[in-house]
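Right, one structure below, let's go through it.
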Amino acid sequence: MTLLEDARERRVRTGGVDLCVAELGDPGQPTVVLVHGYPDSKEVWSEVAARLADRFHVVLYDVRGHGRSTAPEPLRGGFTLEKLTDDFLAVVDAVSPDRPVHLVGHDWGSVQSWEFVTVPRTEGRIASFTSMSGPSLDHFGHWIAGRLRRPTPRRIGQLLGQGAKSWYVYALHTPALPELAWRGPLGKAWPRMLERVEKVPADGYPTASLPADAAHGAWLYRDNIRSRLRRPRTDAYAHAPVQLITPLGDAFLSEKLYDGLEQWAPRLTRRTLPAKHWIPRSRPDQLSAWITEFVTSVEGGRTAVRATGKHADRFGGQLVLVTGAGSGIGRATAFAFAEAGARVVAVDRDTESAARTAELSRLLGAPEAWAETVDVSDEQAMEKLAAKVAAEYGVVDVLVNNAGIGIGGSFLDTTTEDWKKVLDVNLWGVIHGCRLFGRQMADRGQGGHIVNIASAAAYQPSRALSAYGTSKAAVLMLSESLRAELAGRGIGVSAICPGFVNTAITSTARFAGVDADEEKRRQKRTARLYRLRNYPPEKVADAILRAVVRNQAVVPVTPEARGAHALARWAPKTLRAIARLEPPK
């Protein structure tokens, strides 16, 4: 059984080889050509292709000597970039003779695609190029030469670092041994290695042709690497818009390898992804979203994707879930991620507020946004939400546990019912989110980030906030503990600790030990004070995105929060003395 069993197949004869070409989707739509890497076959793209086929005419082909395409005879000299370019042109002439195609390449598929998009004879045949985990050999050659001409400790370190990551390139130049390894023990062990190390799902990939594919594909390296790195082309400029997707956990390629790429690709859109090398298998949802957005943008006459907000290269297309997204910090955070091009799930117990946040998120730049209604304190409701999100939208990349309620008053006036309410939402809501969505992130094995909204009250004691402060202190410690536990899985955890922020929580906060009229008076007074302070939730949202990008552990937000945090560390007695002061009533 093939992973592309619904595809239409054809054979394309070129340069003495027969190429196996698969097609999905409507041929009348824009054509997207997916080129696989080493030691893969076209089936590496099956999950991405299935997602793209609803919108595009998707074409995949087995590179010569791989999958169901025949190998050149002799093998030596049969895999040069010039011959691979001949193959590409033969395929696109067959599947899209009248319109340029959108090219997507991974690993060696990207390496050869850089050749396609920079040589004169393909000009006009490529509408856009999405590159991942595979640099241009010409650009790589100039990158090396530049660091050797002007060596500095940093540049030498970059060279040595990439040299260490490229260990396999040297091994593949060894005569006969790679072929013996792939046709023997390595070929048998490879699927388990991908599953264990790269977290690639065990779903029938790679196919049975792997040993032969890998043995033949060694000539991709032997026929091209040394000659191009020694004499890189000086005219290797991309003649189409380029989208670069860089997995930050790539074991084979350094992020620094793409420094200065704008020189060679002036119409460049950069994306980064917290994942490992084999993203066509491990992150097909994210790649499909980015490819769709980029292709649609270029088809619409734009050379850059729509998202232009801060950190768009980091969050564009990622799936972000925000609880308490109906107002305040939650809504501002959903909007900030939307402006960065993320797909947003806005969760709130108020259906109308959640729907409004989702609607505005789409207007602000989110390619997709959905509203979900849930009470975060309800364990079963949260379990249903987690299952629905995973099934319909995918595994969450960033989780923001923001939903919370406020309560003031002395400890002795706070009833057990008050305690239960505040802990159910402020603590158990966070626990449910971390447990359910954190498990999905861990099982996927490609990292992620959890943001828990704590408070400056987590480390600043107050005689009037014992219940609220306790719930937030628990959130802070939970975040610190989770950060330690999940670090080895590539999942970051940040605790955000705002001070006085102008949000609706102040007007709805409970006050223990007072009657209804007095409670309303205190709510109005507190809301007025927060409005006078006028620290906007948008600044907290900016801090949240920055915390994810930098993987920060504890982030005090607002000057008073930072001041209290410093006192908690360096002068705790002073903070305790302040806590004894009776607040105005």
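A 4.5 Å side-chain heavy-atom check between D6 and L4 finds every atom pair outside the cut-off. Looking at L248 and L273, their side chains never come closer than 4.5 Å, going by heavy atoms from C-beta outward. Counting heavy atoms from C-beta outward, P241 and F129 have side chains that stay 4.5 Å or more apart. Between S113 and H106, every side-chain heavy-atom pair lies at or beyond the 4.5 Å cut-off. The shortest side-chain heavy-atom distance between T296 and E293 does not fall under the 4.5 Å cut-off. Counting only heavy atoms from C-beta outward, the side chains of R228 and E115 approach each other to under 4.5 Å. For the pair D62/L19, no side-chain contact is recorded, criterion being any heavy-atom separation below 4.5 Å from C-beta on. Within the 4.5 Å cutoff, the side chain of V242 has no heavy atoms near those of the F294 side chain.
For the pair R281 and Y205, the cation sits on the ring face: its NZ or CZ lies under 6.0 Å from the ring centre, inside 45° of the axis.
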Working for side chain to side chain donor-acceptor pair (under 3.5 Å), residues R331 and T357: CA-CA 6 Å; R331 174 170 281 183; T357 298; 2.8 Å; yes
Verdict with supporting geometry, T122 and H239, side-chain contact (heavy atoms from CB on, under 4.5 Å): CA-CA 9 Å; T122 62; H239 47 66; 3.1 Å; yes
R192/E195 under salt bridge (charged side-chain N to carboxylate O under 4.0 Å, His left out): CA gap, chis, key distance, verdict: CA-CA 5 Å; R192 293 191 301 275; E195 184 180 353; over 6 Å; no
side-chain contact (heavy atoms from CB on, under 4.5 Å) assessment of V345 paired with V396: CA-CA 9 Å; V345 182; V396 169; 5.8 Å; no
side-chain contact (heavy atoms from CB on, under 4.5 Å) evaluation trace for F56 with T31: CA-CA 6 Å; F56 306 111; T31 299; over 6 Å; no
Steps toward side chain to side chain donor-acceptor pair (under 3.5 Å) verdict (R233, T118): CA-CA 10 Å; R233 293 163 49 217; T118 57; 3.1 Å; yes
Evaluation steps, side chain to side chain donor-acceptor pair (under 3.5 Å), between S110 and S131: CA-CA 5 Å; S110 177; S131 165; 2.7 Å; yes
Stepwise side-chain contact (heavy atoms from CB on, under 4.5 Å) test for L137 and I225: CA-CA 7 Å; L137 294 184; I225 294 283; 3.8 Å; yes
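In this model, no donor atom of one side chain and acceptor atom of the other lie less than 3.5 Å apart for S69 and R64. For D107 and W278, the side-chain atoms include no donor-acceptor pair closer than 3.5 Å. In this model, no donor atom of one side chain and acceptor atom of the other lie less than 3.5 Å apart for S41 and H66. Side chains of R147 and Q158: a donor-acceptor N/O pair is present below 3.5 angstrom, by distance only. Side-chain contact check for H57 and D26: no donor-acceptor pair (N or O, by modelled atom type) lies under 3.5 Å.
Scanning both residues, A275 and I279, for their nearest heavy atoms gives CB-CG2, 3.7 Å. Looking at every heavy atom in both residues, S361 comes nearest to V344 through OG-CG1, 4.3 Å. The minimum heavy-atom distance linking A127 with H102 is given by the pair CB-CE1, 3.4 Å. Taking all atoms of both residues into account, the shortest heavy-atom contact from I496 to A547 is CD1-CB, 3.9 Å. Closest heavy-atom contact between G326 and D348: N-OD2, 2.8 Å. Minimum heavy-atom separation, A543 to V555: CB-CG1, 4.4 Å.
A salt bridge links R99 with E299: the distance from a Lys NZ or Arg NE/NH1/NH2 to an Asp or Glu carboxylate oxygen falls below 4.0 Å. Look at D285 and R51 and you find no salt bridge, because none of the NZ, NE, NH1 or NH2 atoms lies under 4.0 Å from a carboxylate O. Note on R483 versus E480: no salt bridge recorded, every NZ/NE/NH1/NH2 to OD/OE distance being 4.0 Å or above. Taking the charged nitrogens against the carboxylate oxygens, E23 and K42 have no contact shorter than 4.0 Å, which rules out a salt bridge. A salt bridge is defined here as a Lys NZ or Arg NE, NH1 or NH2 lying under 4.0 Å from an Asp or Glu carboxylate O, and R121 with D86 meets this definition.
Counting non-hydrogen atoms of neighbouring residues, nucleotides and ligands closer than 6.0 angstrom, the NZ atom of K165 exceeds 12 such neighbours. When the shell of 6.0 Å around CD of E262 is examined, it contains more than 12 heavy atoms from other residues, nucleotides or ligands.
The line from OG1 of T323 to CG of L321 is 7.0 Å long, rounded to the nearest 0.5 Å. Annotation: the span from E47 atom CD to D203 atom CG amounts to 6.0 Å, rounded to 0.5 Å. In this structure, NZ on K83 lies 12.0 Å from OG1 on T85, to the nearest 0.5 angstrom. With rounding to the nearest 0.5 Å, the separation of CG in L287 from CD in Q243 is 9.0 Å. The distance from the OG1 atom of T130 to the CG atom of L103 is 8.0 Å, given to the nearest 0.5 Å. Taking OG1 of T272 as the reference point, atom CD1 of I245 lies at 10.0 Å (rounded to 0.5 Å).
Side chain of R362 to main chain of A369: a donor-acceptor pair is present (N/O by atom type, distance under 3.5 Å, no hydrogens or angles). Judged by distance alone, with hydrogens and angles left aside, the side-chain atoms of T292 form no donor-acceptor pair with the main-chain N or O of A289 at under 3.5 Å. Listed for the S227 side chain is a donor-acceptor partner under 3.5 Å among the backbone atoms of N224. Looking only at distances, a side-chain donor or acceptor of R125 sits under 3.5 Å from a matching main-chain atom of V92. The backbone N or O of T246 sits nowhere less than 3.5 Å from a side-chain atom of Y258 that would complete a donor-acceptor pair.
Below 30°, between 30° and 60°, or above 60°: for F140 and W143 the angle between ring planes is between 30° and 60°, a tilted geometry. Taking the six-membered ring for Trp and thresholds of 30 and 60 degrees, H139 and W114 have ring planes more than 60 degrees apart, a perpendicular arrangement.
With Y38 as the partner, the ring pair (Phe, Tyr, Trp, His ring centres under 6.0 Å) test is satisfied by one option alone out of Y221, F252, W108: Y221.
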Going by atom type alone, with no hydrogens or angles, which donor-acceptor pairs under 3.5 Å involve a side-chain atom of residues 441-454 and a protein atom two or more places apart or on another chain?
from, atom 1, to, atom 2, distance (Å)
D443, OD1, R439, NH1, 3.4
R444, NH1, V395, O, 3.4
R444, NH1, D397, OD1, 3.2
R444, NH2, D397, OD1, 3.3
R444, NH2, G447, O, 2.9
Q446, OE1, K276, N, 2.9
Q446, NE2, E198, O, 2.7
H449, NE2, S494, OG, 2.8
N452, OD1, N401, ND2, 2.8
N452, ND2, S479, OG, 2.9

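Here W370 pairs with Y393 under the ring pair (Phe, Tyr, Trp, His ring centres under 6.0 Å) rule; sequence neighbours left out.
A distance of 6.0 Å or more separates the ring centres of W45 and H36.
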